[in-house]
Every structure is written in C-alpha cells, then in structure tokens.
There are 2 protein chains.
Amino acid sequence: MFAIGEASRRSGVGIETIRYYEREGIVPRPERSANGRRVYSTEAIGLLKFLKNCRSLGFSLADAKALLDLSGSARSDCDAVLDVSKRHLRAIGEKIAELRKLEAALEELTANCSAGNTECPMLDTLRRS
Amino acid sequence: MFAIGEASRRSGVGIETIRYYEREGIVPRPERSANGRRVYSTEAIGLLKFLKNCRSLGFSLADAKALLDLSGSARSDCDAVLDVSKRHLRAIGEKIAELRKLEAALEELTANCSAGNTECPMLDTLRRS
DNA sequence: CCTTGATCCTGTAGCGACTACAGGAAGCAT
DNA sequence: ATGCTTCCTGTAGTCGCTACAGGATCAAGG
C-alpha cells in the first residue's frame with residue numbers, strides 16, 4: 001500500500017490530478033490510514049495508469065472513464081471499445097484537417113509579408129470583412 | 001451607430017462575446033446611448049471583425065489583441081506581425097504532428113480489435129505499465 | 001393606452017481538465 | 001528540538017467563451 005506521492009510516481013498521474021479524479025468520481029475513493037492519509041493499492045495504481053494511457057491517446061476524461069468501466073466489467077467486449085475509439089479517431093482526423101486548413105491559410109497570409117514593410121498586407125487582409 | 005445585436009450580426013461576433021471582449025479590455029468600451037445601451041460605430045465593428053478573423057485563424061485572444069494593437073499603431077510594420085504568425089504556425093505544426101502520432105497509435109490499437117471478442121486487446125494494452 | 005415580444009442590461013456560474021496556491025497538520029531524520 | 005518533506009482541505013485560476021437569472025426598456029400592433 002502506497003501514499004499518494006508514491007502512487008503519483010508509480011502511475012505518472014500528478015498528485016493534484018489524482019485528488020481531482022477522486023473528487024470527480026473517476027476513480028473510487030481510496031481507504032485512509034489511521035492519520036487520515038490516502039492509501040493506494042497496486043490495483044488502484046493500475047486504474048490511474050489506465051487513465052493516464054487513455055489521456056495520452058487524447059481521450060476525454062469522460063471517454064477514459066467509460067473505457068475504465070468497460071475494462072472493469074466482467075465481459076470486456078471489443079464492441080463498445082471500438083465504438084468509443086472510432087468516434088475519437090474521427091474527431092482526431094477532423095481536427096487535423098482543420099489545422100491543416102489553418103496552416104495553409106496562415107502560410108498564404110504571411111507569404112506576402114516581408115520585413116521592413118511599412119504597410120503590412122496581412123493586417124490588411126485581417127481588416128477585411 | 002448600431003446596437004450590440006446589430007454589431008454582432010455585422011461582425012459575426014456573438015453578443016455575449018462582445019461584452020466579454022469589453023470586460024477583458026480587448027476592445028475599448030463603447031459609448032452608451034441615453035438609455036444606457038452600448039452603441040457601436042462602424043470602426044468598432046471593424047475591430048470586432050478583425051478579432052473574428054484572427055480567432056478563425058486560430059490565434060489566441062492574447063495574440064489577436066496584440067495584432068489588433070499592431071494594426072492600430074501608426075507604423076504597422078510586418079516584423080512584429082510575422083513574429084506572432086511564425087510562432088503560431090510553429091504551434092500549429094507541432095499540434096498536427098502530435099495528432100498524427102495519436103492517430104497512428106490509436107489505429108494500431110484498434111486494428112487488433114474485432115467485434116465479438118471476449119477479451120479486448122486494446123483494453124489489455126491500456127492496462128499495461 | 002395596453003400588451004406582447006424583442007432586445008438590452010448586470011452579474012454570476014458553468015464548461016474541461018487540470019494546476020496552483022494558502023494555511024495547516026503530520027511524519028521522519030538529525 | 002529542528003528542519004524538511006509529505007500530506008490534508010478548500011478555493012481560485014487557466015482559456016474563451018456560453019448560458020442563464022432577473023430585470024429594464026423599446027417598438028409595433030390592437
């Protein structure tokens with residue numbers, strides 16, 4: 001059994017974040033030691049790692065929680081997991097496309113800008129309707 | 001001179017957002033009519049459009065404000081504009097790269113998942129250290 | 001003149017996912 | 001006894017809005 005600092009080190013989830021997850025009901029409340037401090041089992045640390053992995057993949061906390069619940073359920077069927085993942089993949093794809101559009105637009109805007117100009121063509125464009 | 005609703009319609013910036021920009025000091029406080037309502041000139045609406053364009057390009061509000069100030073200054077030299085834009089372009093590029101990595105990782109994870117599986121390989125991976 | 005509906009006002013709270021304190025109580029090592 | 005670290009609770013800040021609540025005012029129609 002580990003204190004919150006150790007759980008943080010082992011899971012890679014920040015101390016404040018662990019307490020936040022607890023407040024939000026993402027992870028179950030840990031037991032407390034005689035002095036009132038939180039105590040974490042290796043299983044509890046496993047949950048934190050799981051959440052960390054989900055977040056690293058860009059899943060929202062709500063999705064991460066859903067995946068965690070799926071992981072905990074007896075029959076962890078792929079169907080629901082795939083559903084969440086595919087939605088997320090689509091969102092990522094859309095975000096990439098959007099950013100690429102921004103990138104292209106911004107590159108075009110800056111192309112005509114050159115140091116020393118008195119009147120900036122980019123500002124000019126930004127002022128347009 | 002226009003009321004806030006008309007300014008919103010003409011600039012494409014939401015009413016609440018206009019008031020928010022005012023609170024935050026992004027745009028100057030408009031004059032008030034006798035009954036205390038905000039009144040916007042075409043110039044003021046131009047500022048809102050400018051901000052809208054900046055935000056559409058993904059600039060942070062702080063950057064947008066900086067660009068707006070540059071636009072208003074007498075000598076609007078390209079140097080400072082380019083500086084802000086290039087930083088933003090770099091940030092966009094980094095974000096795209098990051099999202100592509102996520103996309104690839106997630107695609108690999110879901111590849112081994114198939115409907116009807118009793119034990120989901122993706123959840124398995126998420127549980128790992 | 002009265003009512004209805006649209007628009008406006010201020011002020012506050014909520015979103016997501018943390019992060020950063022403040023202010024205090026333990027524990028541990030010297 | 002002292003310092004240092006870790007822990008606790010509770011609150012507020014981040015970003016850029018957005019959504020109310022609760023009220024005032026306006027313009028048009030009957």
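In what follows, every chain begins at residue 1, and chains take the letters A, B, ... in the order their sequences are listed. Owing to the predicted nature of the structure, the values given are computational and were not obtained by experimental measurement.
- Crowding of R32(B) atom CZ: a count of heavy atoms from other residues, nucleotides or ligands under 6.0 Å exceeding 12.
- The distance between atom CD of E24(B) and atom P of dC17(D), rounded to the nearest whole Å, is 10 Å.
- For K95(A), the NZ atom is loosely surrounded, since the number of other residues' heavy atoms within 6.0 Å does not exceed 12.
- Note that the first and last nucleotides of DNA chain C, 5' to 3', having any atom under 4.0 angstrom from a heavy atom of chain B are dT7(C) to dT10(C).
- When the nucleotides dC17(D), dT18(D), dC7(D) are ranked by their closest atom to the side chain of L61(B), dC17(D) comes out on top.
- Residue contacts for R19(B): at a heavy-atom cut-off of 4.0 Å it reaches a base atom on one of the strands shown.
- Ion pair R9(A)/E6(A) flagged as a salt bridge, since at least one NZ, NE, NH1 or NH2 atom sits closer than 4.0 Å to an Asp/Glu carboxylate oxygen.
- When heavy atoms are screened at a 4.0 angstrom cut-off, Y21(B) is found touching the sugar-phosphate backbone but no base atom.
- Note: CG (D63(B)) to P (dC15(D)) measures 12 Å, nearest angstrom.
- Going from atom CD1 of I26(B) over to atom C1' of dC17(D) covers 12 Å, rounded to whole Å.
- Taking all atoms of both residues into account, the shortest heavy-atom contact from L99(B) to L99(A) is CD1-CD1, 3.8 Å.
- Side-chain contact check for L82(A) versus M122(B): every heavy-atom pair is 4.5 Å or farther apart.
- Side-chain N/O atoms of S60(B) include none lying less than 4.0 angstrom from OP1 or OP2 on dC15(D).
- Atom CD1 of I4(A) is separated from atom C1' of dC8(D) by 10 Å (rounded to the nearest Å).
- Inter-residue side-chain proximity for C54(A) and L126(B) is flagged as met; some heavy-atom pair is nearer than 4.5 Å.
- Between N53(B) and R128(A), the shortest heavy-atom distance links the atoms ND2-O, 3.0 Å.
- Heavy-atom distances under 4.0 Å link DNA chain C to N35(A), R37(A) of residues 32-41 of chain A, given in residue order.
- Atom pair E6(A):CD and dT5(D):P shows a separation of 17 Å (rounding to whole Å applied).
- If you find the closest nucleotide of DNA chain D to R23(A) and to G5(A), the one lying nearer the 5' end belongs to G5(A).
- Crowding of E107(B) atom CD: a count of heavy atoms from other residues, nucleotides or ligands under 6.0 Å exceeding 12.
- Salt-bridge formation is detected for the pair E22(B)/R38(B): a Lys NZ or Arg NE/NH1/NH2 atom is positioned less than 4.0 Å from an Asp or Glu carboxylate oxygen.
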